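Structure first, then comments.
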Amino acid sequence: MSFSVDEGEVVGFLGPNGAGKTTTIKCICGLVQPTSGRIKIFGIDAVDETRKAMRYTSAVLEGNRNIYWRLTTKENLEFFAGLQGRSKNEIVSEIDSLLDQFDLRDKENTPARKLSRGMQQKLALACALIRGTDFLILDEPTLGLDVKTSKELRRYLLKLAEDQGKTILLSSHDMNVVEEVCERVIIINNGRVLADDLVENLKSVFDVHLYDFFIEGKHRFEKIRGSHQVTDIRYVNGKTRLRVALKERDSFYRLVDDLKNEGAKLDRVKNLDTHMEEIFMNIIEERGR
Amino acid sequence: MRDHIIFYSLLKKYFIELKRYFLNTLMSMGGIFLLFMMVFFGLASFEAGTETLKGTIVGFAMWTFAVMAYSEMSWSLLEEARDGTLEQLYLTPVSFRRISAYRVLSSFLFQFVLFMIFLTAMMVVTGEYLTLGPGVIVLVGLSLISVYGIGYIMGGLSLVFKKVQAGNQILQFMFILFLVLPTITEHPIIYATPISWGNVLINRMLVGGYTLLDFSLMDISILLLNSLAYLAVGVAAFTYLEKIAKERGLLGHY
(Lines give C-alpha, C1' and ligand atoms only; values in the text may rest on other atoms or scores of the structure.)
Protein backbone atom coordinates (compact mmCIF):
# COMPACT_ATOMS: atom_id res chain seq x y z
CA MET A 1 0.00 0.00 0.00
CA SER A 2 1.40 3.38 -0.92
CA PHE A 3 -0.07 6.83 -0.46
CA SER A 4 0.91 10.31 0.58
CA VAL A 5 -0.74 13.29 2.21
CA ASP A 6 0.47 16.77 1.31
CA GLU A 7 1.04 19.46 3.91
CA GLY A 8 -2.18 21.28 4.76
CA GLU A 9 -4.32 18.65 3.09
CA VAL A 10 -7.34 16.97 4.68
CA VAL A 11 -7.57 13.40 3.47
CA GLY A 12 -10.24 10.84 4.19
CA PHE A 13 -8.98 7.34 4.83
CA LEU A 14 -11.74 4.87 4.08
CA GLY A 15 -12.33 1.20 3.81
CA PRO A 16 -14.78 -1.46 4.93
CA ASN A 17 -14.37 -3.16 8.32
CA GLY A 18 -11.16 -5.16 8.45
CA ALA A 19 -9.64 -3.28 5.50
CA GLY A 20 -6.60 -2.30 7.56
CA LYS A 21 -7.36 1.37 8.34
CA THR A 22 -6.70 1.26 12.08
CA THR A 23 -3.61 -0.92 11.62
CA THR A 24 -2.23 1.56 9.07
CA ILE A 25 -2.97 4.45 11.41
CA LYS A 26 -1.29 2.67 14.30
CA CYS A 27 1.74 2.01 12.08
CA ILE A 28 1.94 5.72 11.30
CA CYS A 29 1.74 6.49 15.04
CA GLY A 30 4.50 3.99 15.84
CA LEU A 31 2.14 1.77 17.83
CA VAL A 32 2.37 -1.16 15.44
CA GLN A 33 5.62 -2.27 13.82
CA PRO A 34 5.11 -2.64 10.07
CA THR A 35 6.45 -5.91 8.66
CA SER A 36 7.88 -4.06 5.67
CA GLY A 37 7.84 -0.70 3.93
CA ARG A 38 8.53 2.85 5.03
CA ILE A 39 6.46 5.58 6.67
CA LYS A 40 7.63 9.17 6.54
CA ILE A 41 6.16 12.10 8.41
CA PHE A 42 7.46 15.43 7.13
CA GLY A 43 10.43 13.51 5.76
CA ILE A 44 11.22 11.78 9.06
CA ASP A 45 11.23 8.00 9.10
CA ALA A 46 8.40 7.16 11.53
CA VAL A 47 9.62 3.60 12.00
CA ASP A 48 13.30 4.23 12.71
CA GLU A 49 12.88 7.68 14.26
CA THR A 50 9.47 7.34 15.87
CA ARG A 51 10.15 9.80 18.68
CA LYS A 52 11.30 12.51 16.28
CA ALA A 53 8.27 11.91 14.06
CA MET A 54 5.96 12.17 17.06
CA ARG A 55 7.08 15.76 17.60
CA TYR A 56 4.90 16.58 14.63
CA THR A 57 2.09 14.08 15.13
CA SER A 58 -0.92 13.77 17.38
CA ALA A 59 -3.88 11.47 17.13
CA VAL A 60 -7.34 10.79 18.41
CA LEU A 61 -7.75 7.05 18.35
CA GLU A 62 -10.98 5.13 18.77
CA GLY A 63 -13.31 7.80 20.07
CA ASN A 64 -13.43 8.98 23.63
CA ARG A 65 -10.83 6.64 25.12
CA ASN A 66 -8.01 9.13 24.76
CA ILE A 67 -8.39 11.27 27.84
CA TYR A 68 -7.91 10.81 31.57
CA TRP A 69 -11.33 10.42 33.11
CA ARG A 70 -10.16 11.42 36.58
CA LEU A 71 -8.72 14.72 35.41
CA THR A 72 -10.87 17.74 34.68
CA THR A 73 -11.25 19.19 31.19
CA LYS A 74 -8.62 21.84 31.84
CA GLU A 75 -6.24 19.45 33.60
CA ASN A 76 -6.45 17.09 30.61
CA LEU A 77 -5.54 19.91 28.24
CA GLU A 78 -2.63 20.99 30.42
CA PHE A 79 -1.40 17.43 30.79
CA PHE A 80 -1.40 16.65 27.06
CA ALA A 81 0.34 19.92 26.26
CA GLY A 82 2.97 19.06 28.85
CA LEU A 83 3.38 15.58 27.43
CA GLN A 84 4.41 17.20 24.17
CA GLY A 85 6.90 19.37 26.08
CA ARG A 86 4.85 22.57 25.85
CA SER A 87 5.17 24.84 28.87
CA LYS A 88 2.18 26.30 30.69
CA ASN A 89 2.99 29.87 29.60
CA GLU A 90 3.02 28.75 26.00
CA ILE A 91 -0.49 27.32 26.16
CA VAL A 92 -2.56 29.54 28.46
CA SER A 93 -4.29 31.45 25.66
CA GLU A 94 -4.57 28.34 23.51
CA ILE A 95 -6.41 26.48 26.28
CA ASP A 96 -8.80 29.40 26.65
CA SER A 97 -9.44 29.47 22.95
CA LEU A 98 -10.01 25.69 22.73
CA LEU A 99 -12.40 25.75 25.69
CA ASP A 100 -14.42 28.42 23.91
CA GLN A 101 -14.30 26.83 20.48
CA PHE A 102 -15.43 23.45 21.75
CA ASP A 103 -18.06 24.89 24.10
CA LEU A 104 -16.28 23.37 27.06
CA ARG A 105 -15.84 26.56 29.06
CA ASP A 106 -18.61 25.66 31.52
CA LYS A 107 -17.06 22.25 32.03
CA GLU A 108 -13.43 23.28 32.46
CA ASN A 109 -13.38 22.10 36.08
CA THR A 110 -15.53 19.01 35.53
CA PRO A 111 -13.81 15.60 35.62
CA ALA A 112 -13.83 14.06 32.15
CA ARG A 113 -15.77 11.02 33.39
CA LYS A 114 -18.74 13.27 34.15
CA LEU A 115 -18.87 14.73 30.64
CA SER A 116 -21.27 13.45 28.00
CA ARG A 117 -19.84 11.24 25.27
CA GLY A 118 -19.95 14.10 22.80
CA MET A 119 -18.08 16.38 25.17
CA GLN A 120 -15.50 13.68 25.87
CA GLN A 121 -14.98 13.31 22.15
CA LYS A 122 -14.57 17.04 21.76
CA LEU A 123 -12.14 17.10 24.67
CA ALA A 124 -10.13 14.27 23.07
CA LEU A 125 -9.85 16.32 19.90
CA ALA A 126 -8.94 19.44 21.89
CA CYS A 127 -6.25 17.43 23.72
CA ALA A 128 -4.79 16.34 20.39
CA LEU A 129 -4.81 19.95 19.19
CA ILE A 130 -3.20 21.39 22.32
CA ARG A 131 -0.16 19.29 21.53
CA GLY A 132 0.45 21.83 18.80
CA THR A 133 1.52 19.37 16.12
CA ASP A 134 1.13 20.01 12.41
CA PHE A 135 -0.10 16.52 11.56
CA LEU A 136 -3.32 15.26 13.06
CA ILE A 137 -4.70 11.74 12.75
CA LEU A 138 -8.35 11.19 13.56
CA ASP A 139 -9.71 7.67 13.77
CA GLU A 140 -13.52 7.68 13.84
CA PRO A 141 -13.81 11.10 15.49
CA THR A 142 -17.62 11.14 15.29
CA LEU A 143 -18.26 7.54 16.33
CA GLY A 144 -21.20 7.31 18.73
CA LEU A 145 -22.01 11.00 18.59
CA ASP A 146 -25.52 12.33 18.17
CA VAL A 147 -26.38 14.21 14.98
CA LYS A 148 -26.01 17.66 16.54
CA THR A 149 -22.61 17.00 18.13
CA SER A 150 -21.37 15.25 15.01
CA LYS A 151 -22.34 18.28 12.96
CA GLU A 152 -20.60 20.61 15.41
CA LEU A 153 -17.46 18.54 15.25
CA ARG A 154 -17.54 18.51 11.44
CA ARG A 155 -17.85 22.27 11.43
CA TYR A 156 -14.88 22.56 13.73
CA LEU A 157 -12.74 20.18 11.67
CA LEU A 158 -13.46 22.20 8.59
CA LYS A 159 -12.46 25.38 10.38
CA LEU A 160 -9.34 23.70 11.65
CA ALA A 161 -8.24 22.77 8.16
CA GLU A 162 -9.09 26.13 6.66
CA ASP A 163 -7.80 28.46 9.38
CA GLN A 164 -4.87 26.60 10.87
CA GLY A 165 -3.65 24.70 7.81
CA LYS A 166 -3.26 21.44 9.70
CA THR A 167 -2.52 18.26 7.77
CA ILE A 168 -5.28 15.84 8.67
CA LEU A 169 -5.73 12.15 7.95
CA LEU A 170 -9.27 11.21 8.86
CA SER A 171 -10.70 7.74 9.06
CA SER A 172 -14.45 7.43 9.42
CA HIS A 173 -17.43 5.33 8.53
CA ASP A 174 -19.51 8.49 8.58
CA MET A 175 -19.53 9.57 4.95
CA ASN A 176 -21.10 12.91 5.85
CA VAL A 177 -17.90 13.77 7.72
CA VAL A 178 -15.72 12.65 4.85
CA GLU A 179 -17.74 14.47 2.22
CA GLU A 180 -17.95 17.66 4.22
CA VAL A 181 -14.40 17.86 5.52
CA CYS A 182 -12.06 16.05 3.11
CA GLU A 183 -10.68 17.28 -0.18
CA ARG A 184 -9.31 13.89 -1.14
CA VAL A 185 -10.09 10.33 -0.16
CA ILE A 186 -8.01 7.18 -0.09
CA ILE A 187 -10.07 4.00 -0.14
CA ILE A 188 -8.38 0.79 0.92
CA ASN A 189 -9.37 -2.83 1.20
CA ASN A 190 -7.39 -5.95 2.06
CA GLY A 191 -4.27 -3.89 2.50
CA ARG A 192 -4.29 -2.22 -0.94
CA VAL A 193 -5.36 1.18 -2.19
CA LEU A 194 -8.50 0.94 -4.34
CA ALA A 195 -8.88 4.64 -4.99
CA ASP A 196 -6.90 7.78 -4.23
CA ASP A 197 -8.42 10.88 -5.71
CA LEU A 198 -10.18 14.17 -5.04
CA VAL A 199 -13.72 13.77 -3.79
CA GLU A 200 -14.99 15.69 -6.84
CA ASN A 201 -13.15 13.42 -9.28
CA LEU A 202 -14.43 10.27 -7.60
CA LYS A 203 -17.92 11.67 -7.73
CA SER A 204 -17.72 12.21 -11.47
CA VAL A 205 -16.12 8.82 -12.20
CA PHE A 206 -18.13 6.69 -9.82
CA ASP A 207 -21.25 8.73 -9.84
CA VAL A 208 -24.41 6.75 -9.40
CA HIS A 209 -27.91 8.09 -9.44
CA LEU A 210 -30.13 7.22 -6.56
CA TYR A 211 -33.84 6.99 -7.19
CA ASP A 212 -36.83 6.20 -5.04
CA PHE A 213 -39.55 4.39 -6.97
CA PHE A 214 -42.96 4.53 -5.25
CA ILE A 215 -45.27 1.69 -6.34
CA GLU A 216 -48.87 1.17 -5.34
CA GLY A 217 -49.41 -1.75 -2.93
CA LYS A 218 -47.04 -4.09 -1.15
CA HIS A 219 -44.47 -5.95 -3.26
CA ARG A 220 -41.35 -8.00 -2.63
CA PHE A 221 -39.84 -7.64 -6.13
CA GLU A 222 -37.57 -10.67 -5.77
CA LYS A 223 -36.76 -10.73 -9.50
CA ILE A 224 -36.03 -7.02 -9.69
CA ARG A 225 -33.81 -7.19 -6.65
CA GLY A 226 -31.79 -9.82 -8.46
CA SER A 227 -31.31 -7.83 -11.64
CA HIS A 228 -30.96 -4.24 -10.36
CA GLN A 229 -28.90 -2.58 -7.61
CA VAL A 230 -31.66 -2.20 -5.06
CA THR A 231 -30.28 -0.64 -1.90
CA ASP A 232 -33.49 -0.61 0.10
CA ILE A 233 -37.09 -1.76 -0.13
CA ARG A 234 -39.81 -0.88 2.34
CA TYR A 235 -43.56 -0.47 2.61
CA VAL A 236 -44.58 3.13 3.39
CA ASN A 237 -48.16 4.47 3.55
CA GLY A 238 -49.68 1.89 1.26
CA LYS A 239 -46.81 2.11 -1.20
CA THR A 240 -43.67 0.13 -1.76
CA ARG A 241 -40.59 2.35 -1.82
CA LEU A 242 -37.84 0.84 -3.93
CA ARG A 243 -34.49 2.63 -3.60
CA VAL A 244 -32.12 1.86 -6.46
CA ALA A 245 -28.66 3.02 -7.46
CA LEU A 246 -28.40 3.37 -11.24
CA LYS A 247 -25.27 4.17 -13.19
CA GLU A 248 -26.62 4.73 -16.70
CA ARG A 249 -29.73 6.28 -18.13
CA ASP A 250 -30.56 3.02 -19.97
CA SER A 251 -30.78 1.10 -16.72
CA PHE A 252 -33.44 3.55 -15.54
CA TYR A 253 -35.69 2.72 -18.51
CA ARG A 254 -34.89 -0.98 -18.16
CA LEU A 255 -36.08 -0.86 -14.56
CA VAL A 256 -39.28 0.95 -15.53
CA ASP A 257 -39.91 -1.77 -18.15
CA ASP A 258 -39.17 -4.55 -15.66
CA LEU A 259 -41.58 -3.03 -13.15
CA LYS A 260 -44.25 -2.80 -15.84
CA ASN A 261 -43.67 -6.46 -16.72
CA GLU A 262 -44.13 -7.37 -13.05
CA GLY A 263 -47.51 -5.63 -13.15
CA ALA A 264 -46.44 -2.89 -10.77
CA LYS A 265 -48.37 0.37 -10.77
CA LEU A 266 -45.80 3.16 -10.61
CA ASP A 267 -46.94 6.13 -8.55
CA ARG A 268 -43.94 8.44 -8.81
CA VAL A 269 -40.12 8.52 -8.99
CA LYS A 270 -37.90 10.72 -6.88
CA ASN A 271 -34.33 11.58 -7.85
CA LEU A 272 -32.02 11.67 -4.81
CA ASP A 273 -28.67 13.38 -4.41
CA THR A 274 -25.63 11.17 -4.74
CA HIS A 275 -23.64 10.81 -1.55
CA MET A 276 -20.13 9.71 -0.82
CA GLU A 277 -21.56 6.54 0.66
CA GLU A 278 -22.80 5.30 -2.73
CA ILE A 279 -19.49 6.20 -4.38
CA PHE A 280 -17.63 4.35 -1.64
CA MET A 281 -19.82 1.26 -2.08
CA ASN A 282 -19.34 1.42 -5.82
CA ILE A 283 -15.56 1.56 -5.56
CA ILE A 284 -15.44 -1.28 -3.06
CA GLU A 285 -17.67 -3.39 -5.29
CA GLU A 286 -15.96 -2.60 -8.58
CA ARG A 287 -12.31 -2.43 -7.59
CA GLY A 288 -12.31 -4.54 -4.47
CA ARG A 289 -13.03 -7.79 -6.29
CA MET B 1 14.56 21.44 28.06
CA ARG B 2 11.49 19.49 27.00
CA ASP B 3 12.05 16.68 29.50
CA HIS B 4 11.55 18.77 32.62
CA ILE B 5 8.14 19.89 31.31
CA ILE B 6 7.14 16.29 30.62
CA PHE B 7 8.32 15.23 34.07
CA TYR B 8 6.47 18.11 35.71
CA SER B 9 3.26 17.20 33.84
CA LEU B 10 3.47 13.59 34.99
CA LEU B 11 4.26 14.66 38.56
CA LYS B 12 1.34 17.09 38.60
CA LYS B 13 -1.06 14.49 37.20
CA TYR B 14 0.10 11.98 39.82
CA PHE B 15 -0.60 14.40 42.66
CA ILE B 16 -3.94 15.55 41.24
CA GLU B 17 -5.14 11.96 41.00
CA LEU B 18 -3.88 11.19 44.48
CA LYS B 19 -5.64 14.22 45.90
CA ARG B 20 -8.85 13.33 44.09
CA TYR B 21 -8.76 9.78 45.42
CA PHE B 22 -7.21 10.60 48.75
CA LEU B 23 -9.79 8.72 50.79
CA ASN B 24 -9.14 5.57 48.77
CA THR B 25 -5.38 5.94 49.28
CA LEU B 26 -5.93 6.54 52.97
CA MET B 27 -8.16 3.50 53.35
CA SER B 28 -5.76 1.16 51.55
CA MET B 29 -2.91 2.46 53.73
CA GLY B 30 -5.13 1.94 56.78
CA GLY B 31 -5.68 -1.68 55.73
CA ILE B 32 -1.95 -2.28 55.37
CA PHE B 33 -1.37 -0.61 58.73
CA LEU B 34 -3.88 -2.92 60.41
CA LEU B 35 -2.11 -5.91 58.88
CA PHE B 36 1.16 -4.60 60.28
CA MET B 37 -0.33 -4.21 63.75
CA MET B 38 -1.49 -7.81 63.65
CA VAL B 39 1.95 -9.03 62.61
CA PHE B 40 3.77 -6.82 65.10
CA PHE B 41 1.64 -7.53 68.15
CA GLY B 42 1.49 -11.19 67.17
CA LEU B 43 5.29 -11.29 67.29
CA ALA B 44 5.36 -9.27 70.52
CA SER B 45 3.03 -11.79 72.16
CA PHE B 46 5.68 -14.44 71.46
CA GLU B 47 8.07 -12.22 73.42
CA ALA B 48 10.27 -11.45 70.43
CA GLY B 49 13.35 -9.31 71.18
CA THR B 50 13.48 -5.56 70.58
CA GLU B 51 15.77 -6.02 67.60
CA THR B 52 13.33 -8.46 65.96
CA LEU B 53 10.45 -6.11 66.54
CA LYS B 54 12.37 -3.17 65.12
CA GLY B 55 13.41 -5.34 62.19
CA THR B 56 9.74 -6.16 61.63
CA ILE B 57 8.88 -2.47 61.48
CA VAL B 58 11.61 -1.80 58.91
CA GLY B 59 10.86 -4.94 56.92
CA PHE B 60 7.14 -4.25 56.82
CA ALA B 61 7.61 -0.61 55.82
CA MET B 62 10.07 -1.70 53.09
CA TRP B 63 7.65 -4.35 51.83
CA THR B 64 4.83 -1.79 51.63
CA PHE B 65 7.11 0.61 49.80
CA ALA B 66 8.36 -2.11 47.42
CA VAL B 67 4.84 -3.27 46.57
CA MET B 68 3.74 0.32 45.96
CA ALA B 69 6.79 0.97 43.81
CA TYR B 70 6.46 -1.98 41.47
CA SER B 71 2.70 -1.63 41.33
CA GLU B 72 3.28 1.82 39.90
CA MET B 73 5.10 0.17 37.00
CA SER B 74 2.83 -2.76 36.28
CA TRP B 75 -0.69 -1.99 37.56
CA SER B 76 -0.75 1.55 36.26
CA LEU B 77 0.40 0.34 32.85
CA LEU B 78 -2.46 -2.14 32.78
CA GLU B 79 -4.83 0.59 33.85
CA GLU B 80 -3.64 2.87 31.05
CA ALA B 81 -4.06 0.06 28.52
CA ARG B 82 -7.57 -0.65 29.79
CA ASP B 83 -8.58 3.02 29.79
CA GLY B 84 -7.19 3.58 26.31
CA THR B 85 -4.69 6.26 27.30
CA LEU B 86 -1.59 4.12 26.85
CA GLU B 87 -1.38 4.93 23.14
CA GLN B 88 -1.37 8.63 23.97
CA LEU B 89 1.68 8.14 26.16
CA TYR B 90 3.42 6.56 23.17
CA LEU B 91 2.55 9.55 20.99
CA THR B 92 5.17 11.73 22.60
CA PRO B 93 8.60 12.98 21.58
CA VAL B 94 10.27 10.90 24.30
CA SER B 95 10.36 7.13 24.69
CA PHE B 96 7.82 5.31 26.83
CA ARG B 97 10.67 3.96 28.94
CA ARG B 98 11.55 7.52 29.84
CA ILE B 99 7.90 8.38 30.51
CA SER B 100 7.78 5.37 32.84
CA ALA B 101 10.95 6.50 34.60
CA TYR B 102 9.44 9.95 35.20
CA ARG B 103 6.28 8.37 36.54
CA VAL B 104 8.35 6.22 38.87
CA LEU B 105 10.24 9.26 40.09
CA SER B 106 6.96 11.11 40.66
CA SER B 107 5.54 8.23 42.66
CA PHE B 108 8.81 7.78 44.57
CA LEU B 109 8.63 11.35 45.86
CA PHE B 110 5.14 10.78 47.21
CA GLN B 111 5.74 7.24 48.39
CA PHE B 112 8.84 8.24 50.32
CA VAL B 113 6.84 10.83 52.27
CA LEU B 114 4.21 8.13 52.88
CA PHE B 115 6.96 5.68 53.90
CA MET B 116 8.26 8.13 56.53
CA ILE B 117 4.74 8.83 57.86
CA PHE B 118 4.05 5.11 57.93
CA LEU B 119 7.30 4.42 59.75
CA THR B 120 6.66 7.18 62.28
CA ALA B 121 3.11 5.90 62.91
CA MET B 122 4.48 2.39 63.41
CA MET B 123 7.05 3.67 65.91
CA VAL B 124 4.48 5.68 67.87
CA VAL B 125 1.98 2.80 68.01
CA THR B 126 4.54 0.12 68.88
CA GLY B 127 6.77 2.24 71.14
CA GLU B 128 9.86 0.90 69.32
CA TYR B 129 11.87 3.84 68.04
CA LEU B 130 14.27 3.74 65.09
CA THR B 131 17.14 6.03 64.18
CA LEU B 132 15.87 8.08 61.27
CA GLY B 133 18.59 9.95 59.43
CA PRO B 134 18.85 11.64 56.03
CA GLY B 135 20.87 8.70 54.69
CA VAL B 136 17.75 6.56 54.69
CA ILE B 137 16.46 8.21 51.50
CA VAL B 138 19.69 7.19 49.72
CA LEU B 139 19.45 3.57 50.83
CA VAL B 140 15.73 3.27 50.19
CA GLY B 141 16.16 4.90 46.78
CA LEU B 142 19.04 2.59 45.82
CA SER B 143 17.20 -0.51 47.09
CA LEU B 144 14.06 0.32 45.18
CA ILE B 145 15.87 0.59 41.86
CA SER B 146 15.92 -3.22 41.77
CA VAL B 147 12.17 -3.27 42.43
CA TYR B 148 11.62 -0.87 39.55
CA GLY B 149 13.67 -3.20 37.36
CA ILE B 150 11.24 -6.00 38.19
CA GLY B 151 8.39 -3.56 37.59
CA TYR B 152 9.72 -2.98 34.07
CA ILE B 153 9.70 -6.73 33.42
CA MET B 154 6.12 -7.06 34.71
CA GLY B 155 5.10 -3.98 32.74
CA GLY B 156 6.55 -5.49 29.56
CA LEU B 157 4.82 -8.80 30.24
CA SER B 158 1.50 -7.04 30.75
CA LEU B 159 1.89 -5.30 27.38
CA VAL B 160 2.10 -8.67 25.65
CA PHE B 161 0.04 -10.99 27.85
CA LYS B 162 -2.38 -8.44 29.42
CA LYS B 163 -3.54 -10.59 32.33
CA VAL B 164 -0.55 -10.79 34.64
CA GLN B 165 -2.33 -9.96 37.90
CA ALA B 166 -1.62 -13.43 39.28
CA GLY B 167 2.09 -12.84 38.68
CA ASN B 168 1.83 -9.52 40.49
CA GLN B 169 0.27 -11.21 43.50
CA ILE B 170 2.98 -13.89 43.57
CA LEU B 171 5.58 -11.13 43.45
CA GLN B 172 4.07 -9.50 46.55
CA PHE B 173 4.84 -12.70 48.45
CA MET B 174 8.23 -13.04 46.78
CA PHE B 175 9.15 -9.61 48.15
CA ILE B 176 8.45 -10.85 51.67
CA LEU B 177 10.81 -13.73 50.99
CA PHE B 178 13.50 -11.40 49.60
CA LEU B 179 13.19 -9.14 52.64
CA VAL B 180 13.41 -11.89 55.26
CA LEU B 181 16.06 -13.90 53.39
CA PRO B 182 19.01 -12.23 55.19
CA THR B 183 17.51 -13.20 58.56
CA ILE B 184 17.33 -16.86 57.46
CA THR B 185 20.68 -17.26 55.73
CA GLU B 186 24.04 -15.59 55.27
CA HIS B 187 24.47 -17.27 51.91
CA PRO B 188 25.80 -14.87 49.24
CA ILE B 189 22.47 -15.26 47.46
CA ILE B 190 21.28 -12.28 49.51
CA TYR B 191 23.58 -10.12 47.37
CA ALA B 192 21.86 -11.36 44.24
CA THR B 193 18.16 -11.25 45.14
CA PRO B 194 16.38 -7.92 44.80
CA ILE B 195 15.96 -5.64 47.82
CA SER B 196 17.49 -8.20 50.30
CA TRP B 197 20.88 -6.54 50.72
CA GLY B 198 19.26 -3.11 50.73
CA ASN B 199 17.03 -4.23 53.59
CA VAL B 200 20.10 -5.42 55.54
CA LEU B 201 21.73 -2.00 55.19
CA ILE B 202 18.51 -0.11 56.00
CA ASN B 203 18.10 -2.27 59.11
CA ARG B 204 21.64 -1.45 60.18
CA MET B 205 20.88 2.23 59.72
CA LEU B 206 17.46 2.38 61.37
CA VAL B 207 17.91 -0.27 64.05
CA GLY B 208 21.68 -0.25 64.57
CA GLY B 209 22.12 3.51 64.30
CA TYR B 210 24.57 3.39 61.37
CA THR B 211 25.10 6.44 59.17
CA LEU B 212 26.01 6.27 55.48
CA LEU B 213 29.65 6.81 56.37
CA ASP B 214 29.67 3.72 58.58
CA PHE B 215 29.13 1.45 55.57
CA SER B 216 32.08 0.13 53.62
CA LEU B 217 32.50 0.95 49.96
CA MET B 218 31.90 -2.74 49.28
CA ASP B 219 28.52 -2.64 51.08
CA ILE B 220 27.29 0.27 48.98
CA SER B 221 28.85 -1.09 45.77
CA ILE B 222 27.04 -4.42 46.15
CA LEU B 223 23.75 -2.61 46.65
CA LEU B 224 24.41 -0.35 43.67
CA LEU B 225 25.48 -3.20 41.40
CA ASN B 226 22.53 -5.35 42.42
CA SER B 227 20.05 -2.54 41.75
CA LEU B 228 21.61 -1.48 38.46
CA ALA B 229 21.73 -5.08 37.26
CA TYR B 230 18.01 -5.52 37.93
CA LEU B 231 17.24 -2.19 36.30
CA ALA B 232 19.31 -3.05 33.22
CA VAL B 233 17.65 -6.47 32.88
CA GLY B 234 14.25 -4.89 33.48
CA VAL B 235 14.72 -2.19 30.85
CA ALA B 236 16.12 -4.70 28.35
CA ALA B 237 13.20 -7.07 28.96
CA PHE B 238 10.72 -4.22 28.64
CA THR B 239 12.29 -3.05 25.37
CA TYR B 240 12.14 -6.59 23.98
CA LEU B 241 8.55 -7.20 25.10
CA GLU B 242 7.47 -3.76 23.85
CA LYS B 243 8.93 -4.67 20.45
CA ILE B 244 6.94 -7.92 20.44
CA ALA B 245 3.78 -6.03 21.44
CA LYS B 246 4.33 -3.61 18.57
CA GLU B 247 5.01 -6.38 16.08
CA ARG B 248 1.83 -8.19 17.10
CA GLY B 249 -0.19 -4.97 17.30
CA LEU B 250 -0.95 -5.52 20.97
CA LEU B 251 -0.22 -2.07 22.37
CA GLY B 252 -3.29 -0.80 24.11
CA HIS B 253 -5.43 -3.83 23.27
CA TYR B 254 -6.94 -4.93 26.53
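Here the structure is a predicted model, which is why all the values come from computation and not from measurement. Note on naming: letters A, B, ... go to the chains in the order of the sequence lines (proteins, then strands), and numbering restarts at 1 for each one.
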> Is there a side-chain contact between B:L251 and A:Q33, using heavy atoms and a 4.5 Å cut-off?
Replying inline: no
> Tell me the ring pair (Phe, Tyr, Trp, His ring centres under 6.0 Å) pairs involving residues 92-113 of chain A, sequence neighbours left out?
Replying inline: A:F102-A:Y156
> Does the cation-pi check pass for B:K13 over A:Y68, that is, NZ or CZ under 6.0 Å from the six-membered ring centre and within 45° of its axis?
Replying inline: yes
> What option among B:R20, B:E247, B:R248 has the most heavy-atom pairs under 4.5 Å with chain A?
Replying inline: B:R20
> Considering only heavy atoms, which portion of B:L91 lies under 4.5 Å from any heavy atom of chain A: side chain, backbone, both, or neither?
Replying inline: both
>> Does any part of the side chain of A:L31, heavy atoms only, come nearer than 4.5 Å to the side chain of B:E87, both counted from C-beta?
In response: yes
> Side chains of B:L10 and A:F79: does their closest heavy-atom pair fall under 4.5 Å?
Replying inline: yes
> Just wondering, do A:N66 and B:T85 contact through their side chains at under 4.5 Å, heavy atoms?
Replying inline: no
> To the nearest 0.5 Å, how far apart are CD in B:E17 and CZ in A:R70?
Replying inline: 5.0 Å
> Backbone N or O of B:G249 within a donor-acceptor pair of the A:K26 side chain at under 3.5 Å?
Replying inline: no
>> Nearest 0.5 angstrom please: A:Q84 CD to B:T92 OG1, how far?
In response: 7.0 Å
> Can you tell me if OH on B:Y240 sees more than 12 non-hydrogen neighbours from other groups inside 6.0 Å?
Replying inline: no
>> Looking at every heavy atom in both A:G82 and B:S9, which two are closest together, and how far apart are they?
In response: CA-OG, 3.0 Å
>> Does B:Y8, at its OH atom, have more than 12 non-hydrogen atoms belonging to other residues, nucleotides or ligands within less than 6.0 Å?
In response: no
> Is a salt bridge present between A:E78 and B:K12, judged by a nitrogen-to-oxygen distance below 4.0 Å?
Replying inline: yes
> Which bit of B:I99 comes within less than 4.5 Å of chain A, counting heavy atoms only: side chain, backbone, both or neither?
Replying inline: side chain
>> For B:Y102, which atoms come within 4.5 Å of any heavy atom of chain A: side chain, backbone, both, or neither?
In response: neither
> Within residues 2-9 of chain A, which positions have a heavy-atom distance to chain B below 4.5 Å?
Replying inline: none
> OH of B:Y90 to CE of A:M54: how many Å apart, nearest 0.5 Å?
Replying inline: 13.0 Å
>> Donor-acceptor pair, distance only, cut-off 3.5 Å: does the side chain of B:R2 make one with the backbone of A:R86?
In response: no
> With only heavy atoms counted, which part of A:F80 is less than 4.5 Å from chain B, the side chain, the backbone, both or neither?
Replying inline: side chain
> Which heavy-atom pair separates A:R55 from B:P93 by the least distance, and what is that distance?
Replying inline: CG-CB, 3.7 Å
>> Please check: side-chain N/O of B:Q88 versus main-chain N/O of A:A59, any donor-acceptor pairing under 3.5 Å?
In response: yes
> Is there side-chain contact between A:L71 and B:I16, with heavy atoms separated by less than 4.5 Å?
Replying inline: yes
> Measuring heavy-atom distances to chain B, does A:T72 have an atom under 4.5 Å in its side chain, in its backbone, in both, or in neither?
Replying inline: both
> B:E80 versus chain A, heavy atoms under 4.5 Å apart: side chain, backbone, both or neither?
Replying inline: side chain
